[in-house]
Amino acid sequence: MSVSARTSFLQKSIAVSLLLAMNARGATGVATPSDHSSDVLRGLKAPVSAESPWQPPDLREFAGVLKNKAEPEADAQKDYELAELIDMAERINPETRVAWEHAKQAAAAVGLAQSEYFPLLALRASAGYVREPVPLPLSPTTAGYMDLEAQEAQPVATLEWVLLDFGRRKAAVAASKEQLLAANLGFNARHQGIVFKVQSAFYALSTVRGRIDVAQSSLDSALKVQEAAEERFKNGLATAPDVSRARQQAVQAAFDLEDVLAKERDAQVILAESIGITPTVPIHIVDFSKLALPTNLEQTVEQFIDRSLVQRPDLLAKVAVLREKEANVRRARAAYYPTLSFQGDAGGAFERSQMEVSGHTYPWESTRQPAWDVGLALSWSLFEGGARKRKLEIAKAEFEAAQHELDDSRDKAISQVWQSYTDTRLAIHRLDVAAALVTASEKSYQQTFEAYQNGLSSLVDLLAARRELSQARYNQLDTRATVLESTAALAFASGDLGPQLLKRTPRTMSNEP
C-alpha cells in the first residue's frame with residue numbers, strides 16, 4: 001500500500017472516531033450550552049402566535065451597551081458661534097466616525113486586491129501510523145497474509161504564483177482603488193452634510209429666538225395700547241368695546257409669545273441632534289441680530305454651477321463609482337481567458353515500516369529522502385453553464401445604472417445651485433425693503449399712538465398700526481432667516497463647507513420704540 005493510501009486511511013479512521021465521540025457526548029449531555037445561552041436562544045425564536053406578544057430574554061447586557069454614553073462636550077455657560085458648533089459636530093458626531101471606518105475598510109480592500117499579485121507560500125506537514133493486514137497468496141496451494149506496519153512524516157513547503165491572468169488582478173485593484181476614492185469622497189460629503197445640518201439648525205434656532213424677541217416687543221406694545229385704552233375709558237373718552245378689543249389683542253400677543261417659546265425647545269433638540277449630542281445638554285448661541293449677512297453675490301450662477309461640478313464630493317464619488325463599475329466589466333471579460341500559474345513543492349519524506357509475511361517478520365526499514373516538484377499549470381474554463389456571460393451582463397448593467405445615476409445627480413445638483421442662488425439673490429434684495437418697511441411702520445405706529453393719546457385717532461387705527469408694525473418685524477426677521485438659510489444651501493450645493501464665498505457685512509435689526 002502506498003504512503004498516500006495509508007495516510008488517507010488513517011485520516012478517515014480519525015474522522016470517524018471523532019464523529020462517534022461527538023455524537024456520544026451529545027447523547028449523554030456532556031457538551032451542552034449554559035442555561036443563560038439556552039434562554040437567549042429560546043428568546044430568538046419567533047412568537048408563538050400573532051395574538052400573543054413576544055417574550056424577550058434577559059437583555060440587560062444589551063441595555064448596558066446603550067447606556068454607555070460619553071460625557072457631553074458642550075459648555076452650558078458658553079454662547080457658541082456657528083463655527084464653534086461646526087467644529088464640535090465634526091469632532092463628536094457619530095456619522096463622521098462611521099464614514100471614517102468605511103474609508104478604512106475601503107483602504108484595506110485595496111491592500112487585499114493587491115495581495116493577489118504575490119505568490120502563495122504554505123507549509124504542510126502530515127504524520128501517521130498505519131497497520132493493515134492484507135491477504136497474500138504464497139503459492140497455488142498455499143495462502144497467507146501480510147501484516148504491514150508503517151510510520152511516516154512529510155513536511156512540505158508549497159509555492160503557487162499566478163503569472164498571467166489577462167487583467168483579472170489589474171481590474172480588481174483598479175475597482176478597489178475607485179471604491180477607496182468614493183469612500184474618501186463620501187467621508188468629505190458626510191462632513192459637508194453635517195456642516196449644512198448644523199448651519200440649518202443653528203439658523204432655525206436663531207430665527208425662533210428672534211421671533212421670541214419680536215413677540216415680546218409685540219406684547220409690550222399691546223400692553224401699552226391696553227393701558228392707554230383703559231386710561232381713556234376712565235376719563236370717559238373711550239368705550240367698553242374699545243377696551244375689550246385692546247385687551248383681546250394683548251392676550252393674543254401673549255399667546256403668540258407662548259407659542260414661539262414652545263417651538264424654541266424643538267429647535268434646540270434639532271440643533272443638538274445635528275451636532276451629535278443629547279438634547280439634555282442646553283446650548284446657548286450668539287444673538288441673532290449679531291449674525292453677519294451677505295450684501296451681494298460676487299459670482300454668477302454659471303460660476304457656482306461650475307464650482308459644484310468641480311468640488312462637490314458626492315458628485316465626484318459618483319464618478320468614482322462609475323469607474324469602479326467599468327473596472328468590474330473589464331474583470332468579467334478577463335474571466336473568459338485562461339490563467340497561467342507556477343507551482344512548486346519542496347520537502348522531505350521520513351518513513352519507517354515493517355512487514356510480517358506468514359509468521360516471518362522482516363526488520364524495520366527507514367528512509368529519509370528530499371521530495372520536490374516544479375511546473376506550470378494552465379487553467380482554462382471551457383464551459384460553466386453560462387456563469388461568465390451572466391456575470392458580464394450584470395457588470396454591464398451596473399455600469400449603465402451608475403452612468404444614469406451620475407447624470408441624474410448632476411442634473412439635480414445644477415437645479416439645487418440654481419434654486420439656492422435665486423433664493424439668495426431675491427432675499428438679499430428684500431433686506432433693504434424689509435428694513436424700510438420696519439422703519440415706516442415704527443413711525444406710523446408712534447405717530448398713531450401719540451394721536452390716540454391726544455384724541456386725534458381712533459383705537460382701530462392704533463391697533464392696526466401695531467399689528468402692521470409686528471408683521472413688518474416678522475417679515476424682516478423671516479427675510480434675514482431666508483438670506484442665511486439660502487446662503488448655507490448655496491454653499492452646500494456648490495460643494496463648500498460653509499458660506500465663505502459671499503461678501504458679508506453686519507446688519508442690525510431695529511428695536512421696538
Under 3.5 Å donor-acceptor, W380 side chain and L340 backbone: no

Atom CD of E393 with >12 non-hydrogen neighbours under 6.0 angstrom: yes

Evaluation steps, side-chain contact (heavy atoms from CB on, under 4.5 Å), between Y203 and L82: CA-CA 9 Å; Y203 293 147; L82 177 58; 3.5 Å; yes

Name the one of L463, L462, V225, L223 that satisfies side chain to side chain contact (heavy atoms under 4.5 Å, CB included) with Q249? L463

Taking all non-hydrogen atoms of both residues into account, name the closest pair between P338 and R168 and its distance. O-NH1, 3.8 Å

One thing to verify: whether K412 and D408 come together as a salt bridge, which I'm taking to mean a side-chain N less than 4.0 angstrom from a carboxylate O. yes

Are the side chain of R312 and the backbone of A493 linked by a donor-acceptor contact shorter than 3.5 Å? yes

Do Y445 and S221 come within less than 4.5 Å of each other through their side chains, counting heavy atoms only? yes

State whether the number of non-hydrogen atoms from other residues, nucleotides or ligands found under 6.0 Å of Y117 atom OH is greater than 12. yes

CD (Q453) and CZ (R232) are apart, to the nearest 0.5 Å, by 9.0 Å

Taking every heavy atom of Q311 against every heavy atom of S494, the minimum-distance pair comes out as NE2-O, 2.9 Å

To the nearest 0.5 Å, what is the distance between OH (Y452) and OG (S458)? 8.5 Å

Of the non-hydrogen atoms in A172 and A113, which two are nearest, and what is the gap between them? O-CB, 4.0 Å

For F255, look at atom CZ and say whether over 12 heavy atoms of other residues, nucleotides or ligands are found less than 6.0 Å away. no

For the backbone of T300 and the side chain of Q303, can you confirm whether one donor and one acceptor N or O come within less than 3.5 Å of each other? yes

Okay, side chain of R169, backbone of V162: is any donor-acceptor separation there less than 3.5 Å? yes

Shortest non-hydrogen contact from Q179 toward A106: O-CB, 4.0 Å

With a 3.5 Å cut-off and no angle check, do the side chains of E101 and Q105 form a donor-acceptor pair? no

Short side-chain donor-acceptor distance under 3.5 Å, N188 and Q192: no

Could you walk me through whether K318 and D314 pass the salt bridge (Lys or Arg N to Asp or Glu O under 4.0 Å) test, one step at a time? CA-CA 6 Å; K318 293 288 186 180; D314 57 335; over 6 Å; no

CZ (R425) and CG (L297) are apart, to the nearest 0.5 Å, by 8.0 Å

Answer yes or no: is there a donor N or O on one side and an acceptor on the other, between the side chain of R245 and the main chain of L459, under 3.5 Å? no

Does the side chain of I283 reach to within under 4.5 Å of the side chain of I277, using non-hydrogen atoms? yes

If you apply the rule side-chain contact (heavy atoms from CB on, under 4.5 Å), what do you find for E116 with D165, and how did you get there? CA-CA 11 Å; E116 297 294 331; D165 61 357; over 6 Å; no

Is a donor from one side chain sitting under 3.5 angstrom from an acceptor on the other, for Q268 and R265? yes

Whether the side chain of S217 engages the backbone of D213 through a donor-acceptor N/O pair (distance < 3.5 Å, no angle test) should be reported. yes

If you compare all heavy atoms of V417 against all heavy atoms of V301, which two are closest, and at what distance to 0.1 Å? CG1-O, 4.4 Å

Counting heavy atoms not belonging to K177, are there more than 12 under 6.0 Å from its NZ? no

Smallest separation among heavy atoms of E273 and N93, with atom names: O-ND2, 4.3 Å

Pair N296, E298 - check side-chain contact (heavy atoms from CB on, under 4.5 Å), show working. CA-CA 6 Å; N296 66 304; E298 296 180 343; 4.1 Å; yes

Check the side chains of S218 and R466 for a donor-acceptor pair under 3.5 angstrom, ignoring hydrogens and angles. yes

Would you sort out whether E231 and E227 count as a side-chain contact (heavy atoms from CB on, under 4.5 Å), showing the intermediate values? CA-CA 6 Å; E231 183 67 25; E227 292 176 359; over 6 Å; no

For a 4.5 angstrom cut-off between non-hydrogen side-chain atoms, does L392 reach V329? yes

Rounded to the nearest 0.5 Å, how far apart are CG of N454 and CZ of F449? 10.0 Å

Just by modelled atom types, is the I305 backbone N or O under 3.5 Å from a matching donor or acceptor in the S308 side chain? yes

When you measure from the side chain of D432 to the backbone N and O of A436, does any donor-acceptor pair fall under 3.5 Å? no

Answer yes when K197 and E95 have at least one side-chain N-carboxylate O distance shorter than 4.0 Å, and no when they do not. yes

Do I194 and I86 make a side-chain contact, defined as non-hydrogen atoms from C-beta onward lying under 4.5 Å apart? no

Please identify which of these residues, T422, T424, D423, meets the side-chain hydrogen bond (donor to acceptor under 3.5 Å, both in side chains) condition with S486. T424

Run the numbers on K325 and E178 for salt bridge (Lys or Arg N to Asp or Glu O under 4.0 Å), then give the verdict. CA-CA 9 Å; K325 302 304 180 183; E178 298 299 338; over 6 Å; no

Would you call K263 and D259 a salt bridge, using N to O less than 4.0 angstrom? yes

Quick one: pull up OG in S274 and CG in L271 and give me the separation to the nearest 0.5 Å. 4.5 Å

Looking at F399, is K396 sitting on its ring face, NZ or CZ under 6.0 Å from the six-membered ring centre and within 45 degrees of the normal? no

Any donor-acceptor N or O pair under 3.5 Å, side chains E450, Q446: yes

Taking E84 for the side chain and E81 for the main chain, is one N or O donor matched with an acceptor at less than 3.5 Å? yes

Is it the case that the side chains of Q476 and R430 hold a donor-acceptor pair, with the cut-off being a distance below 3.5 Å and no angle test? no

Under-4.0 Å salt bridge between E264 and R211: no

With heavy-atom distances below 4.5 Å as the criterion, would you say the side chains of L293 and R480 are in contact? yes

When you compare the side chains of T239 and D242, does any donor N or O come within less than 3.5 Å of an acceptor on the partner? yes

To the nearest 0.5 Å, what is the distance between CG on L316 and CG on L181? 8.0 Å

